[in-house]
Chemist: 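Just dropping this structure here.
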Protein chains: 2
Amino acid sequence: MSDTQLTERAINTIRFLAADAVQQAKSGHPGMPMGAASMAYTLWTRHLKFDPGDPKWPDRDRFVLSAGHGSALLYSLLHLSGFDLPLEELRRFRQLGSKTPGHPEFGETPGVETTTGPLGQGFAMGVGMALAAEHLAAQYNRPDYPVVDHTIYGIVSDGDLMEGVASEAASLAGHLRLGRLIYLYDDNHITIDGTTELAFTEDRVKRFKAYGWHVVVVPNGDDVAAIDKALKAAKRDPRPSLIACRTHIGFGLPTKQDKSSAHGEPPGDDELDGAKRNLGWPTEPRFLVPDDVREHFAKATARGRRAHKKWKKLFTGYAQAHGELAAQFKRTQAGDLPAGLAELIPPLPADPKGVATRAASGKALNALAPALPELIGGSADLTPSNQTLIKDGGDYTPEAPGNRYIRFGVREHAMAAMLNGIALHGGLIPYAGTFLVFADYMRPSIRLAALMGQRVIYVFTHDSIGVGEDGPTHQPIEHVASLRAIPNVALLRPADANETNLAWLVALERTSGPTALALTRQALPVYDRQKFASAEGLRKGAYVMGDLGQGAPRVLLMASGSEVELIVQAAEQLSQEGIAVRLVSFPSWELFAAQPESYRSQVLPSTIPARVAVEAGVSMGWDRWVGDGGVIVAIDRFGASGPYKDVYKHLGLTVEAVVAAAKKAMGGK
Amino acid sequence: MSDTQLTERAINTIRFLAADAVQQAKSGHPGMPMGAASMAYTLWTRHLKFDPGDPKWPDRDRFVLSAGHGSALLYSLLHLSGFDLPLEELRRFRQLGSKTPGHPEFGETPGVETTTGPLGQGFAMGVGMALAAEHLAAQYNRPDYPVVDHTIYGIVSDGDLMEGVASEAASLAGHLRLGRLIYLYDDNHITIDGTTELAFTEDRVKRFKAYGWHVVVVPNGDDVAAIDKALKAAKRDPRPSLIACRTHIGFGLPTKQDKSSAHGEPPGDDELDGAKRNLGWPTEPRFLVPDDVREHFAKATARGRRAHKKWKKLFTGYAQAHGELAAQFKRTQAGDLPAGLAELIPPLPADPKGVATRAASGKALNALAPALPELIGGSADLTPSNQTLIKDGGDYTPEAPGNRYIRFGVREHAMAAMLNGIALHGGLIPYAGTFLVFADYMRPSIRLAALMGQRVIYVFTHDSIGVGEDGPTHQPIEHVASLRAIPNVALLRPADANETNLAWLVALERTSGPTALALTRQALPVYDRQKFASAEGLRKGAYVMGDLGQGAPRVLLMASGSEVELIVQAAEQLSQEGIAVRLVSFPSWELFAAQPESYRSQVLPSTIPARVAVEAGVSMGWDRWVGDGGVIVAIDRFGASGPYKDVYKHLGLTVEAVVAAAKKAMGGK
């Protein structure tokens with residue numbers, strides 16, 4: 001059999017494994033895998049560097065299927081390439097508990113580098129991975145020891161290119177000249193609604209050139225030689241590359257090829273058999289992998305195994321020549337923190353005048369950064385406001401990719417997606433800042449960080465109506481609540497500089513998901529921790545700051561962040577009036593809810609049903625903590641423009657209001 | 001005095017009114033107004049069609065300050081152009097209760113067409129306005145009666161052009177050839193972090209050309225003649241236009257011009273005086289409006305007043321020649337609905353097999369559409385899934401702008417922003433669909449719709465784990481909660497086809513803010529409304545569907561949407577076991593919370609403390625309704641890929657679980 005014939009058989013194997021899986025599941029997306037099989041084949045067998053025996057090998061190339069609905073394509077490739085994904089799993093495509101969920105899910109399937117499906121996310125995460133690869137190469141490579149030398153590949157779709165998050169990321173990738181990024185564009189002219197003529201007629205090639213990308217057009221997306229040539233050119237080019245391949249959705253399907261109907265539903269048995277006949281493939285058995293094809297893939301895979309072996313040797317030499325760097329590389333790849341971080345940010349003395357928690361955060365960041373070479377981050381053009389600058393970090397630029405401060409521009413969404421990509425890449429801990437209100441722009445990516453359990457740190461400053469004059473467009477109201485609503489996001493809203501220090505430690509230590517720090521623009525007192533309990537309590541999400549007044553507390557006041565100042569003042573007033581008060585600082589619902597019931601009922605004992613929660617945001621959800629006897633002082637409306645103290649007063653967040661609420665709660669109901 | 005001198009004086013008046021306002025407030029953004037004053041002057045005095053005596057004149061041009069932080073510029077223009085915005089309000093810039101908030105707020109200031117500030121939003125809303133203008137022109141204009149003939153102008157910034165939402169909208173504007181859209185790009189090379197060299201070096205001109213825009217470069221952004229010429233060319237061109245003007249942030253400031261420090265802080269008295277001296281302007285008095293400048297603006301304004309007068313005459317003729325159209329125009333401009341809508345979607349009979357609420361929604365939409373020519377909408381490339389097609393509406397295209405179905409492409413964020421623009425434009429009721437999980441992509445624009453109180457309708461289908469095989473990336477979990485969290489968003493999650501019909505009526509009638517319909521992918525029974533209470537109860541947010549069993553209810557079950565099926569089945573089982581149950585359908589917290597306490601305690605009486613809430617989403621917030629004695633059956637984790645019935649079971653949302661929860665609640669605590 002000629003090479004060409006074998007190639008064709010290999011491509012058909014990919015194509016029909018995917019289509020068979022969809023048909024078996026009676027659910028899924030056959031069109032994309034059938035159309036993109038040749039591109040994927042060329043990339044996976046001739047370029048992609050991986051070792052199925054160690055899917056986490058740090059110097060592997062990464063593959064991102066941004067068009068995640070084509071998951072069956074990826075599962076076919078993983079199976080054929082020798083990953084631990086038996087054919088049985090392809091037969092269980094889209095079934096509960098299988099390793100082949102409807103969209104690729106990070107952590108569920110060996111070799112799946114990221115969760116994709118929400119369009120544009122994979123594209124932008126790949127940009128983050130490429131930045132991580134460039135940065136780590138600059139940080140770790142030494143003459144004769146290119147221990148970091150890999151490429152980020154992906155397949156992107158029309159849908160990806162239409163999404164704003166991809167546009168933002170593409171612009172930044174061009175600006176930063178991320179040459180380790182190569183995307184194959186599955187240019188199939190079809191979307192769910194119909195042809196791209198309906199809504200997507202811009203000149204994509206010209207647009208990506210305008211971003212500073214290297215763009216190649218492959219007129220026939222089944223021309224393996226042309227795709228191969230384009231990939232080689234892309235690897236040589238110092239710019240990020242887009243290889244636009246004209247493909248055909250549902251390639252081979254007798255009536256559905258080049259139609260929307262090929263996109264998101266099983267082809268049906270007849271149509272599937274027809275495609276097999278069209279392409280000279282046996283209609284039975286389903287899930288056919290001819291032996292010669294399996295061997296063919298094994299040969300391609302052997303290339304990666306050899307490369308991995310070679311790399312291990314290289315790294316051994318590196319470890320001898322550059323012991324400290326090698327140890328740091330291993331530590332950071334494992335995601336471990338160095339010892340002694342807490343000592344870098346020791347407890348701060350009381351300071352009634354105080355400091356904004358965003359400023360405290362900036363100080364903590366800069367105290368921690370020298371010990372954490374893996375820390376990399378930036379801001380969406382709000383550096384001075386977010387106080388996210390690592391002062392001696394230098395800006396990441398094409399000329400200085402070893403620097404670790406990223407100027408994301410006004411691109412919050414791409415920033416968040418790139419943080420995911422950086423975290424997924426491994427070896428780095430990414431963080432980034434913007435105003436809390438703009439967390440809305442980042443939300444799809446925050447959700448993915450939570451779903452994938454990635455250690456990503458958001459520095460959200462200007463966290464309430466404390467923003468003041470900028471007014472309702474810039475004053476978060478529902479944002480704290482809506483971040484708390486996302487499973488596996490830890491939202492921390494520290495009450496002072498000491499809690500802020502602790503919040504940074506918690507965020508760094510939390511490897512199972514993203515942490516969002518909500519920080520103030522305005523100064524907050526640094527509480528006297530001789531008088532009040534240690535800020536260490538933040539680790540438990542909520543803690544008793546103190547019981548004020550004589551005897552058992554008759555009322556309990558709880559708040560997070562800047563509103564702790566209000567409850568402290570109210571407690572002082574109430575205790576002067578002879579009413580004993582419990583003060584609870586409540587920086588994180590997520591962490592508190594994870595505590596054992598015994599701790600929770602110690603902080604919020606049923607013996608104090610009179611409870612008041614205070615928050616400069618919506619009341620939603622506080623009922624859980626205050627109970628039927630409680631009163632919530634909150635803001636269930638949008639904010640207002642004015643000096644922030646006026647706004648607090650205008651919206652009823654005052655010491656008097658808290659005192660009145662406490663008395664009301666004590667009155668019972 | 002020469003014309004040129006007067007022009008310069010007029011520009012300096014704009015410039016320094018704005019700068020004085022910022023300095024007076026000791027807060028704000030002086031740089032943009034100072035740099036963009038010439039562009040704004042040229043547009044407002046030579047092109048923009050408006051009548052300050054009637055800021056809502058339907059055929060006015062619209063002006064969108066997408067760079068909303070430059071609000072002082074807009075307030076200066078409005079004051080000088082004769083709008084009801086006295087100098088005193090400029091002196092009260094950014095103070096609580098003034099008409100001059102930190103960012104332009106729709107409804108707070110006459111002449112402000114939209115709220116802006118969150119970058120990119122204004123850009124994309126303007127695209128929506130332009131689409132509305134084109135559509136209404138096609139719908140209403142008749143030979144000799146061009147009653148709709150206006151242009152959407154805007155000023156956009158680097159930040160706007162970096163935001164993905166603007167990229168999406170720009171691509172669509174080019175595709176739809178929205179020639180009534182003209183943006184001046186304030187190309188000042190400066191962002192908050194520093195120069196645009198830091199993060200924004202793409203070729204903007206080339207990018208916009210790739211989108212199909214007409215692009216003009218004005219090398220000197222203070223060259224009034226060149227700007228004027230470019231505006232004229234833009235008006236003639238059938239494509240949307242971007243006029244890139246090289247400007248200088250903080251123009252005139254001795255040490256801050258062309259620096260980030262000019263962006264977001266008051267210049268300081270000395271610096272401000274220095275700028276005035278540099279530009280030959282008296283340092284005192286502040287807020288100076290020379291008489292000749294005031295006259296000059298009055299002359300420009302007179303042009304608009306005359307145009308308005310002429311239009312009134314035109315409309316009188318139109319009303320005689322095309323009475324019905326004119327009446328429809330008036331009705332839709334007033335935002336009034338025609339009578340008899342409810343009759344178009346009469347109650348449906350019981351149907352145990354049932355229908356997906358997305359399908360019921362599609363039917364309701366198509367039943368209502370013929371009576372509502374003002375209804376216009378689409379989907380972000382999920383038309384068949386969302387069932388948003390108006391079947392005889394035809395696609396909006398450059399050739400057929402009178403058609404009312406919009407193919408938004410995979411551009412959820414721009415879609416949401418464009419809905420805002422369409423609603424703000426007036427005369428139309430916009431709606432659009434996507435999967436509920438992708439509401440996250442739209443969130444910044446949803447928030448603005450709520451803040452501005454715009455009638456916008458979101459058709460969010462696939463509203464739970466009922467999505468099934470597509471898995472966690474496509475299964476909303478926190479989305480219902482996080483939409484409920486936004487003030488002034490009415491989230492309606494109907495339980496069956498009859499509630500869906502009502503939900504559409506509520507959404508259309510609700511003129512004070514956006515409504516989000518959360519609809520199922522899967523079929524739901526159509527309840528027998530002889531047995532259960534009328535679906536009209538949806539109007540109150542929650543209602544007693546029925547009390548089952550003998551005697552006073554001992555337990556209360558509440559749910560929204562698809563989970564009503566679970567509580568109905570659980571109630572039947574419980575009542576068969578001799579336990580009387582109250583069933584509450586709870587489609588909308590927002591509507592229920594707005595009911596008088598008397599109604600609320602009638603539905604949820606304190607005499608039934610044993611309450612169970614069931615929802616296929618996070619539990620957050622349900623405590624408010626179930627109280628201390630309640631139990632919540634919900635999903636506080638991400639979903640899973642599998643057939644949806646398997647997923648429901650896997651995540652514990654079963655009739656058995658609800659029955660058990662009811663018994664637990666009855667057991668008390």
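Numbered from 1 within each chain, the chains take letters A, B, ... in sequence-line order.
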Chemist: Is B:Asp381 salt-bridged to B:Arg411, cutoff N-O under 4.0 Å?
Modeler: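 Judged by the 4.0 Å cut-off on N to carboxylate O distance, B:Asp381 and B:Arg411 do not form a salt bridge.
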Chemist: Between chain B and each of A:Gly164, A:Ser641, A:Gly642, count heavy-atom pairs under 4.5 Å; write down the option with the most.
Modeler: A:Ser641
Chemist: If you count heavy-atom pairs within less than 4.5 Å of chain B, which of A:Asp193, A:Val205, A:Asp623, A:Asp158 leads?
Modeler: A:Asp193
Chemist: At a 4.5 Å cut-off on heavy atoms, which part of B:Phe438 comes close to chain A: side chain, backbone, both, or neither?
Modeler: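 When you check distances to chain A, only side chain atoms of B:Phe438 fall under 4.5 Å.
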Chemist: Need one label for A:Thr116: side chain, backbone, both or neither, based on atoms under 4.5 Å from any heavy atom in chain B.
Modeler: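 Backbone of A:Thr116 only, per the 4.5 Å heavy-atom cut-off to chain B.
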Chemist: Is it true that a side-chain atom of B:Thr109 and a backbone atom of B:Lys99 form a donor plus acceptor pair closer than 3.5 Å?
Modeler: yes
Chemist: Go through the atoms of A:Phe208 and report whether side chain, backbone, both or neither lie under 4.5 Å from a heavy atom of chain B.
Modeler: neither
Chemist: Quick check on B:Phe435 against chain A: is it the side chain, the backbone, both or neither that has a heavy atom closer than 4.5 Å?
Modeler: neither
Chemist: Relative to chain B, which segment of A:Arg92 carries a heavy atom at a distance below 4.5 Å: side chain, backbone, both, or neither?
Modeler: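 Neither; nothing under 4.5 Å.
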Chemist: Given a strict heavy-atom distance threshold of 4.5 Å, which part of B:His175 is in contact with chain A: side chain, backbone, both, or neither?
Modeler: both
Chemist: What are the two closest heavy atoms between B:Arg94 and B:Ser27, and how far apart are they?
Modeler: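 In this case the closest contact between B:Arg94 and B:Ser27 is NH1-OG, 2.8 Å.
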Chemist: Measure A:Pro104 against the heavy atoms of chain B and call it side chain, backbone, both or neither at under 4.5 Å.
Modeler: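 Neither part.
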Chemist: When only pairs under 4.5 Å are counted, which of A:Ser71, A:Gly117, A:Ala199 shares the most heavy-atom pairs with chain B?
Modeler: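 Winner by heavy-atom pair count: A:Ala199.
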Chemist: Between chain B and each of A:Lys206, A:Arg443, A:Arg484, count heavy-atom pairs under 4.5 Å; write down the option with the most.
Modeler: A:Arg443
Chemist: Which bit of A:Trp589 comes within less than 4.5 Å of chain B, counting heavy atoms only: side chain, backbone, both or neither?
Modeler: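 Answer is side chain: those atoms of A:Trp589 sit under 4.5 Å from chain B.
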Chemist: Identify which part of A:Val437 has an atom lying under 4.5 Å from any heavy atom of chain B, answering side chain, backbone, both or neither.
Modeler: side chain
Chemist: Where is the tightest heavy-atom contact between B:His650 and A:Leu96, given as atom of each residue plus distance?
Modeler: CB-CD2, 3.5 Å
Chemist: If I measure from the heavy atoms of chain B, does A:Tyr211 come under 4.5 Å with its side chain, its backbone, both, or neither?
Modeler: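 Both backbone and side chain of A:Tyr211 come within 4.5 Å of chain B.
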Chemist: Would you check if the side chain of B:Glu478 reaches a backbone N or O of A:Ser482 as a donor-acceptor pair within less than 3.5 Å?
Modeler: no
Chemist: What I'd like to find out is whether the side chain of B:Leu172 reaches to under 4.5 Å of the side chain of B:Met415, using heavy atoms alone.
Modeler: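 B:Leu172 vs B:Met415: side chains apart.
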Chemist: Looking only at heavy atoms, which two atoms of A:Thr196 and A:Ile190 are closest? And how far apart?
Modeler: CG2-N, 3.9 Å
Chemist: For each of A:Val618, A:Asp646, A:Ile486, A:Asn488, tally heavy-atom pairs with chain B at distances under 4.5 Å, and name the one with the top tally.
Modeler: A:Ile486
Chemist: Against chain A, label B:Thr191 side chain, backbone, both or neither, depending on which of its atoms sit under 4.5 Å from a heavy atom there.
Modeler: both
Chemist: Could you tell me which portion of B:Thr115 (side chain, backbone, both or neither) has an atom closer than 4.5 angstrom to a non-hydrogen atom of chain A?
Modeler: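 When you check distances to chain A, only side chain atoms of B:Thr115 fall under 4.5 Å.
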Chemist: Using non-hydrogen atoms and a 4.5 Å limit, figure out which bit of B:Arg207 sits close to chain A: side chain, backbone, both or neither.
Modeler: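 Contact with chain A: backbone and side chain both.
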Chemist: With the side chain counted from C-beta on, respond yes when A:Gln121 and A:Thr114 share a heavy-atom pair under 4.5 Å apart, and no when they do not.
Modeler: no
Chemist: Let me know if B:Val626 has heavy atoms under 4.5 Å from chain A in its side chain, its backbone, both or neither.
Modeler: neither
Chemist: Side chain, backbone, both or neither: which part of A:His69 has a heavy atom under 4.5 Å from chain B?
Modeler: neither
Chemist: Measure distances from B:Pro476 to the heavy atoms of chain A and classify the residue's part below 4.5 Å as side chain, backbone, both or neither.
Modeler: backbone
Chemist: Name the region of A:Ser167, side chain, backbone, both or neither, that has any atom closer than 4.5 Å to a heavy atom of chain B.
Modeler: side chain
Chemist: Side chain from CB out, backbone as N, CA, C, O: work out which of these in A:Ile635 comes under 4.5 Å of a heavy atom of chain B, or both, or neither.
Modeler: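 Neither the backbone nor the side chain of A:Ile635 comes within 4.5 Å of chain B.
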Chemist: Heavy-atom distances under 4.5 Å only: say whether B:Ala450 touches chain A with side chain, backbone, both or neither.
Modeler: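 Interface part for B:Ala450: both.
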Chemist: Given a strict heavy-atom distance threshold of 4.5 Å, which part of A:Asp395 is in contact with chain B: side chain, backbone, both, or neither?
Modeler: side chain
Chemist: Who wins among A:Glu105, A:His413, A:Arg204 for the most heavy-atom pairs under 4.5 Å with chain B?
Modeler: A:Glu105
Chemist: Using non-hydrogen atoms and a 4.5 Å limit, figure out which bit of A:Arg624 sits close to chain B: side chain, backbone, both or neither.
Modeler: both
Chemist: Step through the shown structure and confirm whether more than 12 heavy atoms of other residues, nucleotides or ligands are within 6.0 Å of NZ on B:Lys209.
Modeler: no
Chemist: For the backbone of B:Asp470 and the side chain of A:His103, can you confirm whether one donor and one acceptor N or O come within less than 3.5 Å of each other?
Modeler: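 Checking the backbone N and O of B:Asp470 against the side chain of A:His103, a donor-acceptor pair under 3.5 Å is found.
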Chemist: Check this for me: does any side-chain nitrogen of one of B:Lys26 and A:Glu469 sit under 4.0 Å from a carboxylate oxygen of the other?
Modeler: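 Salt bridge between B:Lys26 and A:Glu469, a charged N being under 4.0 Å from a carboxylate O: no.
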Chemist: Within the 4.5 Å heavy-atom criterion, are B:Ile477 and A:Pro487 side-chain neighbours or not?
Modeler: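 The answer is yes; the side chains approach within 4.5 Å.
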Chemist: Hey, is the main chain of B:Ala166 close enough, under 3.5 Å, to the side chain of B:Glu168 for a donor-acceptor pair?
Modeler: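 Looks like no, no N/O pair under 3.5 Å.
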Chemist: Taking the side chain as C-beta and beyond, is there a heavy-atom pair between B:Met162 and A:Ser171 under 4.5 Å?
Modeler: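 Heavy-atom side-chain distance check fails, nothing below 4.5 Å.
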